[in-house]
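This report refers to the structure that appears directly beneath it.
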2 protein chains.
Amino acid sequence: MTRSKSLLINILRNEGLRYTSQRRAVWNELKSSADHRDAEDIYLCLRRKKIRVSRATVYRTIDVLVKNNLVRKMELGDGRALYEPRIGNEHHDHIICLETGKITEFYNEDLEQLQEKIVKQRGYELVRHVHQLFVRPLKK
Amino acid sequence: MTRSKSLLINILRNEGLRYTSQRRAVWNELKSSADHRDAEDIYLCLRRKKIRVSRATVYRTIDVLVKNNLVRKMELGDGRALYEPRIGNEHHDHIICLETGKITEFYNEDLEQLQEKIVKQRGYELVRHVHQLFVRPLKK
DNA sequence: TTTTTTAATGAGACTCATTCTCAATATAAG
DNA sequence: CTTATATTGAGAATGAGTCTCATTAAAAAA
């Protein structure tokens with residue numbers, strides 16, 4: 001608690017931003033989420049808890065958290081986004097089974113390096129990536 | 001032309017849908033696109049050509065085309081989408097420049113094989129994949 | 001501590017891609 | 001040709017997210 005409080009303070013200080021009750025509340029809410037949450041959900045939860053905060057501030061704060069790697073943004077591809085606290089630095093490439101709908105996360109170092117190489121060759125620096133493998137169970 | 005006309009007719013017939021001038025026009029427009037186009041762009045081009053069609057119909061038609069694999073939908077992750085005709089089964093991994101918006105397609109054999117390997121290890125067979133690298137130009 | 005400076009906030013207007021509504025129209029079947 | 005019904009167009013509605021700007025609250029200065 002103290003640890004992650006000072007974590008937020010440090011990040012804000014670093015960015016020349018102020019440590020406000022709203023930013024603290026949004027980060028606490030997100031931090032204690034097991035699941036992927038959307039911004040509206042976080043806003044509603046905070047309001048239900050009688051915390052005075054606006055939608056605009058929730059969005060603004062999430063942006064800061066994402067930019068500073070406290071939170072991961074997961075684009076749904078239809079204009080919506082979900083957020084989850086970053087714990088460690090696990091990877092989020094997905095295997096999506098077309099038959100069962102099961103989503104498996106995977107990480108492969110070779111793949112990561114290949115991606116870096118591919119963009120570097122073309123004069124770019126990799127910012128983020130989306131990698132989804134749509135699959136079917138192997139039949140014997 | 002005749003070939004792809006009957007292609008569209010067959011798909012529509014298959015789905016129990018009617019063959020209308022609007023659906024034909026949207027497909028022709030998309031079919032003759034080299035580039036990735038968005039729905040608004042297709043709508044405006046058709047209107048400029050004096051073809052009587054509405055935005056709603058463009059969106060509705062594109063949905064049909066995507067569902068039937070005549071067109072590939074590419075989600076930009078911020079609520080927008082681009083479309084391109086499916087011609088054969090070329091590869092569509094994308095490098096998307098966050099600064100200029102430029103989209104480069106790439107193909108890398110090692111990457112393809114890695115993907116196959118990754119899913120096979122987990123008991124799956126790869127059906128299709130989405131791979132987008134969001135990048136920034138390298139600064140010297 | 002009190003005052004001053006300036007960043008942050010809230011309410012709600014706004015944006016923009018997309019979807020919906022429903023009366024009018026066009027297609028395909030009979 | 002007539003009928004039944006799918007499709008269309010215009011524009012309203014939606015919904016996630018952003019913006020504005022007067023007010024409030026951190027932090028710095030006194």
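Here is the naming used below: chain letters follow the sequence lines, and residue numbers restart at 1 for every chain.
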Whole-Å gap separating [atom2] ([N]) and [atom1] ([X]):
X: B/R24; N: C/dA26; atom1: CZ; atom2: P; answer: 14 Å
X: A/Y43; N: D/dG15; atom1: OH; atom2: P; answer: 16 Å
X: B/R23; N: C/dT25; atom1: CZ; atom2: C1'; answer: 14 Å
X: B/D38; N: C/dC16; atom1: CG; atom2: C1'; answer: 12 Å
X: B/L8; N: C/dT27; atom1: CG; atom2: C1'; answer: 15 Å

Heavy-atom distance under 4.5 Å between the side chains of B/L12 and B/R18, does that happen here?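 Of all side-chain heavy-atom pairs linking B/R18 with B/L12, none is under 4.5 Å.
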Give a yes or no on whether a salt bridge exists between B/K73 and B/E84, defined as a side-chain N under 4.0 angstrom from a carboxylate O. no
When A/R55 and B/S21 are each assigned the nearest nucleotide of DNA chain D, the 5'-most assignment goes to B/S21
When you match A/R60 and A/A39 each to their closest nucleotide on DNA chain D, which lands nearer the 5' end?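 Here A/A39 is the residue nearer the 5' end.
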So, does A/Y59 get its side chain near the phosphate of D/dT18, meaning an N or O under 4.0 Å from OP1 or OP2?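 Answer no for this pair, as no side-chain N or O of A/Y59 is under 4.0 Å from OP1 or OP2.
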Closest of C/dG12, D/dT7, C/dT9 to the A/Q22 side chain is C/dT9
Using a cut-off of 4.0 Å on non-hydrogen atoms, how would the nucleic acid contact of B/R47 be classed: base, sugar-phosphate, or nothing?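 Here B/R47 touches the backbone only, sparing every base.
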So what does B/R52 hit on the nucleic acid, given a heavy-atom distance under 4.0 Å: a base, only sugar-phosphate, or nothing? sugar-phosphate
Carefully, step by step, assess A/R24 and A/Y19 under the rule side chain to side chain donor-acceptor pair (under 3.5 Å). CA-CA 7 Å; A/R24 196 186 321 130; A/Y19 181 61; 3.1 Å; yes
Measure the acute angle between the ring planes of A/H131 and B/H129, then classify it against the limits of 30° and 60° as parallel, tilted or perpendicular.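 Perpendicular: the ring planes of A/H131 and B/H129 meet at over 60°.
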